[in-house]
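See below for the structure under consideration.
All of these numbers come straight from a predicted model, not from anything done at the bench. Proteins get letters first, then strands, A, B, ... in listed order; numbering begins at 1 in each.
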Amino acid sequence: MIDKQVISTALAVADIPDGACVMIGGFGEAGSPTELIHALIDQGAKNLTIINNNTGNGEIGLAALIGNGQVKKMICSYPRSRHSKIFPELYRAGKIELELVPQGTLAERIRAGGAGIPAFYTATTVGTQLADGKETRTIDGRDYVLEYGLQADYALIKCEYADLTGNLTYNKTARNFNPLMCMAANITIVQARKLVGPGAIDPEHVITPNIFVDHIVEISTPLIEADLIAENRRYP
Amino acid sequence: MIDKQVISTALAVADIPDGACVMIGGFGEAGSPTELIHALIDQGAKNLTIINNNTGNGEIGLAALIGNGQVKKMICSYPRSRHSKIFPELYRAGKIELELVPQGTLAERIRAGGAGIPAFYTATTVGTQLADGKETRTIDGRDYVLEYGLQADYALIKCEYADLTGNLTYNKTARNFNPLMCMAANITIVQARKLVGPGAIDPEHVITPNIFVDHIVEISTPLIEADLIAENRRYP
Amino acid sequence: MAQLAASDIPDRSYVNLGIGLPELVAKYVPKGREFIYHTENGLLGMGPAPELGEEDPELINAGKKPVTTNPGASFFHHGDSFAMIRGGHIDVCVLGAMQVSQQGDLANWSTGTPDAIPAVGGAMDLIAGVKTIYVITQHTTKNGTPKLLEQCTYPLTGKGVVTRVYSNLAIIDVTSRGFQLRQLAPGITFQEVSDRTKASLMPLEQEP
Amino acid sequence: MAQLAASDIPDRSYVNLGIGLPELVAKYVPKGREFIYHTENGLLGMGPAPELGEEDPELINAGKKPVTTNPGASFFHHGDSFAMIRGGHIDVCVLGAMQVSQQGDLANWSTGTPDAIPAVGGAMDLIAGVKTIYVITQHTTKNGTPKLLEQCTYPLTGKGVVTRVYSNLAIIDVTSRGFQLRQLAPGITFQEVSDRTKASLMPLEQEP
């Protein structure tokens, strides 16, 4: 029987090499695979390109990965937020690259990367400086810019239920970018709050079909980012 | 409270004008809104452009709509099948137009139409006669053709559960094109096997969110196409 | 402002509210109307903030604050969420602004200064995709600089997209001929609004 | 043929089977291996045909025949289904053929005659998106016309995509140098296969 379980986060991320492009799910705290990110900090891969909507909060999770000097470039839509300080400091110091992508275009580029669409047109950014240098085209009298699909070597994903074959469901707005990133990464690594047997998830309720999932670690009581930030905790 | 119920299929399709472009869900019999199609036959709108994967079977449903002379043009991927005879006859007689689109490109064009993507590139049809006259582009060393989004004035949809606000679920492989067409049509008309109250469908299990749905008719015991075909039934 | 904006939104509209001032619109749903709130991080049918202690860190809005769900809600991923936005399915979006031009250009994502961390989020997608864009804003910055201008000086979020501005001084339509006063706030004169607007403002009488 | 094709598919592969002859592959899963069958009308984890009387007209395969689901199955819409295909997530596709050229071109959707009703279905998407394309076919048409050719004469489904052909006479690889015999059916000689192939066929000895 197909069994994609891995027994530890360390084993799950062990093969991620220096220079890899890694998609990390989540929107703020919701759906963020914090334990997998911490394992990647322990593992130490460097010169990473990270795709996430944000740049992490406080000194844990994605912010800690950046603070640990492992990230060469961020591709994201919103690199500043209330509790974000590590990325802004490094960015101002010229120590990290940024590709700023509108949130909807980021989502669509990831979906395109997973769906075999190399490029598409969108009206988002037309007439703004984010369209500078981009190819444009008029279709039925409206202007559009050409955007390219995004793919990654790895995706780090948080889900609610996973079955052993890799079917996933998510909790509420923790769904966000996770299902898209599962599609767009060569290797998808998932931390599941609950790992169940094949057939335990109704086929009608599967959000990410198992074809998009490679490795699963069960993390039944994941860290709650807001609590860690309130306590000024840092990782490691 | 929002209540999108309409009391009859006749009322639901009453406003569809001559010359309309209508998407019809279903893949073969699964997910086909047969009662809504029959209401459209009774209603009599002419010169329709119909988007469906097939062209109907026997002399009921979509095949009957075509047979009734209401369809000017079909956009589909597979216009012949075991029980399909009406379309082939009209096509050979030059009495109906056909735009043949590969099944995956058809799905993606409908999804693009609903998602505000006017055009995208795909490798499907490259090097074949279905790419004749289409713009091509080489991206990262591979050739792609440019395909345009598809939108419609109306969509006729079959679902399993609908709540009064318009959230939908589907039965097994009856899902097929239905959720995409809900997105891509200006007015989406749904026949539901079971109409329930708001909140009766778990927000995690909604397949088509209510923003894509306009009118719902409850048809609790829909026609079974295979049975009608076995009995050589025709409509009207 | 928020109440007046809410009163202009038709019944059964699908509405997206920007972070900050626009969020207040949700408090003023007019009697007899129902709005369905969309938040771009994957929820339709968003309800008000939860009671203290009832928060779920994985049930949040685009501003990353805890919210609830109303009956008829649904969850979806970012791809589907922005399909709703980009595909023109959201009826009304209420956004904040740094600057609005008389052509309806909006600037609300960056001051363009060299040390600013650029952050756009979903603003450009909303601007490009939603049918009707309302702006809700203080009429001037804290130090009195006008936000309604002949031309935006900050980097644009989108061109020719804003149809109406709700400020603390007035409601102003963006028309093909420029800013058109629609309604004054109580106790405010046309001259006061005009003085704080760095573009020509057509008074009520000149309405076509 | 079907059994030999099945024996070449690695364990845990995601497999799409074309309509007709290729469907037989599902009967021959080698011991110790598990394949996950994808059907493009929206099901992963497709199981065998149901018992008589257990059919659900809304649980069908791409050939519109009733099927079942295996544990771990999932349903999805056509957009997601062809994202799996186009995005390169399906490992192996086994298709029927009208013609295969020595460059790996496949023709299996239309004879190109004026009165033919053109119907392509999902064949061109599968051809363009799936990593490995196997063809399973009779070596010749019913009246003996070769199907393996120097060039296809029917309209193409895709160019340079077929990697291996399983026929009733032989297993033949499509290589950069053309058709390469890989295995003869029991009792069949190289000459017999070569005579029924309208292109140069490299015998086993010439394998690089």
Side-chain angles (χ1 to χ4, degrees), chain A residues 1-5 23 107-120 149-153 155 159 161-170 175 179-188 195-216, chain D residues 9-16 29 31-47 50 56 58-61 67-93 122 124-131 158 161:
Chain A
M1 199 193 63
I2 290 171
D3 178 353
K4 296 180 179 172
Q5 184 174 19
M23 293 179 172
E108 191 67 12
R109 287 180 65 191
I110 297 168
R111 193 240 170 222
I117 302 293
F120 59 90
L150 276 173
Q151 294 181 318
D153 302 307
C159 80
Y161 285 87
D163 75 19
L164 288 167
T165 73
N167 290 312
L168 311 182
T169 69
Y170 302 88
R175 195 180 300 190
L180 303 173
M181 290 177 171
C182 288
M183 295 169 64
N186 189 29
I187 303 284
T188 294
L195 190 56
V196 296
I201 303 175
D202 184 331
E204 300 278 13
H205 299 161
V206 170
I207 302 300
T208 293
N210 57 27
I211 193 169
F212 298 123
V213 172
D214 298 282
H215 307 300
I216 309 163
Chain D
I9 300 176
D11 187 27
R12 291 176 168 221
S13 290
Y14 288 89
V15 180
N16 183 295
V29 179
K31 274 236 163 61
R33 287 188 226 171
E34 192 172 355
F35 303 154
I36 301 104
Y37 288 109
H38 171 266
T39 181
E40 59 263 35
N41 55 315
L43 166 59
L44 201 61
M46 179 175 69
D56 181 336
E58 295 195 323
L59 178 50
I60 59 176
N61 66 12
V67 295
T68 53
T69 59
N70 287 333
S74 56
F75 295 111
F76 34 83
H77 61 53
H78 257 77
D80 287 342
S81 184
F82 280 87
M84 295 177 192
I85 293 171
R86 200 188 307 101
H89 305 282
I90 308 282
D91 300 303
V92 177
C93 181
M124 285 189 188
D125 307 283
L126 286 161
I127 282 294
V130 175
K131 292 171 201 159
V161 289

Heavy-atom contact with chain A under 4.5 Å, split by part of D/I90: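 Both parts, heavy atoms under 4.5 Å.
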Parallel, tilted or perpendicular, as decided by the 30° and 60° cut-offs, for the rings of D/F35 and D/Y37: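 It falls in the perpendicular class, over 60°.
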Aromatic contact, D/H89 with A/F212 (centres under 6.0 Å):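 Yes, the ring centres sit under 6.0 Å apart.
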Verdict with reasoning, D/L43 to D/L59, per side chain to side chain contact (heavy atoms under 4.5 Å, CB included): CA-CA 9 Å; D/L43 166 59; D/L59 178 50; 3.9 Å; yes
Best-contacting candidate, A/G116, A/G199, A/A115, against chain D by heavy atom pairs under 4.5 angstrom: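 Result: the option with the highest number of such pairs is A/A115.
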Heavy-atom pairs under 4.5 Å with chain D, option from A/N210, A/T165, A/N167, A/L164 with the top count: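 If we count pairs closer than 4.5 Å to chain D, A/N210 comes out on top.
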Nearest atoms (heavy-atom pairs only) where A/R111 meets D/G79: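 Heavy-atom minimum between the residues: NH2-O, 4.0 Å.
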Part of A/D163 within contact of chain D (heavy atom distance under 4.5 Å):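 Interface part for A/D163: side chain.
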Non-hydrogen side-chain atoms of D/N70 and D/M46 separated by less than 4.5 Å: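 Side-chain contact under 4.5 Å: no.
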Leading residue by heavy atom contact count with chain A [cutoff under 4.5 Å; candidates D/D91, D/I36, D/I85, D/L44]: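 Top option by heavy-atom pairs under 4.5 Å: D/L44.
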